[in-house]
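Notes for the one structure printed next.
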Amino acid sequence: MSKEGADKPRLTAAEEQLIRHRKNLDFWKKNAAQIRTRNLLTGLSIGAFVVGIFSYTILSVKQERVVEELDEEARIHIIRGPRTGANS
């Protein structure tokens with residue numbers, strides 16, 4: 001009645017760490033291209049989002065300036081009063 005694990009010699013902590021390190025390295029070698037592609041897509045998505053927010057902000061500021069110019073023109077027309085045949 002021998003146990004299955006009794007026949008194997010116990011690994012030292014350094015050997016176990018080496019095995020874990022090799023497994024981890026094999027995983028990264030196998031999946032490096034997929035991870036790189038995923039990282040590229042994520043980076044491009046974040047970049048597109050940032051450019052979109054920046055563009056929207058610039059557009060809003062330009063529209064705000066146009067609105068301020070229209071307000072200034074409206075103020076001038078209010079001060080001058082309505083244009084009728086008697087005062088034109």
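By the side-chain contact (heavy atoms from CB on, under 4.5 Å) test, Q17 pairs with R20, sequence neighbours left out. Under the side chain to side chain donor-acceptor pair (under 3.5 Å) criterion, N39 pairs with no residue, sequence neighbours left out.
Between atom CG of residue N24 and atom CD1 of residue I19 there is a gap of 13.5 Å, rounded to the nearest 0.5 Å.
Proximity of a side-chain donor or acceptor of E15 to a complementary backbone N or O of T12 within less than 3.5 Å is detected.
Side-chain atoms of S45 and F49, non-hydrogen and from C-beta on, never get closer than 4.5 Å to each other.
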